[in-house]
Amino acid sequence: QVQLVESGGGLVQAGGSLRLSCAASGRTFSSYAMGWFRQAPGKEREFVACISWSGVDTYYADSVKGRFTISRDNAKNTVFLQMNSLKPEDTAVYYCAASNDYGPYANYDYWGQGTQVTVSS
């Protein structure tokens, strides 16, 4: 089992950047593929990005491709989401999640509590 805690959200102007972090507990962090998801008010939760166990493979939603970068540091049990060129439509609660499988459609078993990202126009 793994527990996840996100941080790094906040208020930023359009065009700005934020870096989200997700700290995981437990010694088996490197055995999980990790993903970032987001949920805007009144909308369903959507996939943002995911990264494989080793960090070699990554996959992004089209809406964030070229602007967001997912990475991980297995020595520090942390996964990151670097968000650049932010747009108002990126405003959402961002969640990290862990899965035994890699990919946007994998079954993510563990979820953090979320961190709010607000982008002003």
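Below, all heavy atoms of this structure are taken into account, side chains as well, without hydrogens, waters or symmetry copies. None of these values were measured; they are calculated from a predicted model.
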[Y] and [X], any side-chain heavy atoms less than 4.5 Å apart:
X     : Y      : answer
Arg67 : Asp90  : yes
Thr91 : Gln116 : yes
Leu86 : Leu18  : yes
Leu20 : Phe80  : no

Return the [atom1] to [atom2] distance between [X] and [Y], rounded to the nearest 0.5 Å.
X      : Y      : atom1 : atom2 : result
Phe68  : Asn84  : CZ    : CG    : 8.5 Å
Arg38  : Thr115 : CZ    : OG1   : 14.0 Å
Cys96  : Glu6   : SG    : CD    : 4.0 Å
Asn100 : Tyr108 : CG    : OH    : 11.0 Å
Asn77  : Met34  : CG    : CE    : 9.5 Å

Show, in sequence, the C-alpha distance, side-chain angles and deciding distance for Tyr95 and Gln39, and conclude whether the side chain to side chain contact (heavy atoms under 4.5 Å, CB included) test is met. CA-CA 8 Å; Tyr95 300 89; Gln39 187 167 19; 4.3 Å; yes

Looking only at heavy atoms, what is the nearest atom pair of Tyr102 and Cys50, with distance? CE1-SG, 3.6 Å

Nearest heavy-atom contact between Ser99 and Ala106 is OG-CB, 3.5 Å

For Tyr110 and Tyr32, take the angle between the two ring planes, folded into 0 to 90°, and tell me which bin it lands in: parallel under 30, tilted 30 to 60, perpendicular over 60. perpendicular

Test salt bridge (charged side-chain N to carboxylate O under 4.0 Å, His left out) applied to Asp62 and Lys65, step by step: CA-CA 5 Å; Asp62 287 343; Lys65 198 173 297 182; 3.1 Å; yes

Would you please test Ile51 and Trp36 for side chain to side chain contact (heavy atoms under 4.5 Å, CB included) and show each step? CA-CA 9 Å; Ile51 189 166; Trp36 284 97; over 6 Å; no

Taking the six-membered ring for Trp and the full ring for Phe, Tyr or His, determine whether the centres of Phe37 and Trp111 are under 6.0 Å apart.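 Centroid distance Phe37-Trp111: below 6.0 Å, so yes.
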
For the residue pair Thr78 / Asp73, report whether a side-chain donor-acceptor contact shorter than 3.5 Å exists.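 No donor-acceptor contact under 3.5 Å links the two side chains.
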
